[in-house]
Amino acid sequence: MRERYKEDSRRTAMNILSVIEKLKAGNELALVFPHRSVDGDCVGSSTGIVSIIRSLGAEAYVAIPEALPENMEFLGISEYLFRPDGDTPEAAEFQKNKTIGGRKVGAVIATDISDSSRMGISGEIFDSVDTKLVIDHHASVTTRSDSMWIDPDSSSASEMVYYVALQIADITGRDVSEVLAPNAAKAVLAGIVTDTGRFTFTNTRPETLETAGALIDLGGNPGPFLL
Ligand SMILES: [Mn+2]
């Protein structure tokens with residue numbers, strides 16, 4: 001990891017760890033919000049965060065505002081996704097009580113998204129929960145939270161999430177493979193591939209390629225991504 005990421009990714013990792021402690025203490029869960037018109041980066045970064053939180057024993061879901069596009073089905077990440085507006089008993093419970101499996105939403109995290117109005121019906125939930133984290137590479141962030149990491153120089157929110165995973169592994173004495181599951185690593189890599197135009201845009205930096213290599217080691221697959 002390059003020097004310029006270290007301080008922010010460490011701080012974000014510490015904030016996520018304290019969110020996890022809060023969730024466990026209150027038997028609550030976290031929702032992670034991608035934006036509407038989902039793309040590889042918002043899906044990859046939000047899936048990565050959910051994998052991190054679950055690896056440390058708390059519950060979390062990606063609150064996906066629409067069906068996962070067909071060209072991302074190969075990621076095999078349905079276990080991480082929850083559709084608040086879906087036609088399922090879980091969605092009905094959520095719409096009625098704002099709970100999932102009886103658990104309240106204790107924290108909300110937005111990745112690759114600058115505005116809660118782009119979250120679909122979940123935006124209201126995002127706005128209503130006090131414990132908020134934001135990880136984004138868009139300079140035009142309008143969402144406000146106590147924990148924000150905004151880096152317009154980063155290729156993607158997914159690349160930033162990988163650095164957070166490295167820091168969480170370091171702080172908790174785990175290997176990063178215990179923090180990012182293979183299918184989550186695949187999704188994070190898909191996010192980087194998407195936002196760099198398959199490594200052709202000028203946001204592709206040396207550390208972006210190092211990160212992509214590390215994600216392949218973790219189970220990522222650079223093959224079948226569609227832009
Ligand atoms: Mn992005």
Side-chain angles (χ1 to χ4, degrees), residues 1-2 4-5 8-9 12-13 16 31-52 60 62-69 71-72 74-75 77 80-81 108-120 122-123 126 132-145 147-166 180 183-216 218 220-222 224-227:
M1 189 191 317
R2 303 288 160 128
R4 70 186 187 88
Y5 293 105
D8 287 327
S9 61
T12 306
I16 289 175
L31 287 180
V32 188
F33 294 81
H35 54 72
R36 260 194 313 230
S37 305
V38 295
D39 63 14
D41 190 31
C42 75
V43 169
S45 53
S46 56
T47 298
I49 293 291
V50 168
S51 176
I52 290 169
V62 176
I64 192 159
E66 61 214 19
L68 190 70
N71 65 1
M72 285 188 237
F74 77 94
L75 294 171
I77 53 169
Y80 301 103
L81 309 180
V108 291
I109 303 170
T111 62
D112 193 43
I113 184 169
S114 56
D115 188 342
S116 60
S117 70
R118 291 186 66 208
M119 292 174 186
S122 310
F126 184 83
K132 282 189 180 63
L133 277 79
V134 175
I135 299 172
D136 199 357
H137 66 125
H138 298 103
S140 60
V141 169
T142 57
T143 311
R144 284 286 146 240
S145 84
S147 170
M148 302 187 67
W149 179 22
I150 311 300
D151 185 352
D153 293 328
S154 185
S155 71
S156 53
S158 295
E159 186 179 337
M160 297 165 75
V161 165
Y162 173 71
Y163 300 138
V164 172
L166 280 185
L180 267 189
N183 56 353
K186 203 190 254 190
V188 174
L189 179 59
I192 297 173
V193 169
T194 302
D195 268 25
T196 58
R198 295 182 169 137
F199 307 112
T200 60
F201 301 158
T202 53
N203 62 358
T204 306
R205 294 162 193 276
E207 62 270 25
T208 313
L209 295 168
E210 289 162 11
T211 297
L215 288 165
I216 292 171
L218 290 169
N221 172 356
F225 301 140
L226 301 176
L227 293 178

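It should be emphasised that the depicted structure is a prediction, and the values quoted were computed from it without experimental measurement. Counting starts at 1 for both ligands and their atoms, following the listed order.
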Mind checking whether S46 and I49 have side chains closer than 4.5 Å, heavy atoms only?
no
Answer key: the N, O or S atom of D41 nearest to the Mn ion (ligand 1) is OD2
Exercise for review: Specify whether an N/O/S atom of C42 falls short of 2.8 Å from the Mn ion (ligand 1).
Suggested key: no
Problem set entry | the Mn ion (ligand 1) reached by D112 (N, O or S, under 2.8 Å) | yes
The Mn ion (ligand 1) -> D195, closest N, O or S atom is OD2
Working for side chain to side chain donor-acceptor pair (under 3.5 Å), residues D153 and H137: CA-CA 7 Å; D153 293 328; H137 66 125; over 6 Å; no
Task: D195 side chain reached by S155 side chain, heavy atoms, under 4.5 Å - done: no
salt_bridge(R2, E210) N-O dist < 4.0 Å: yes
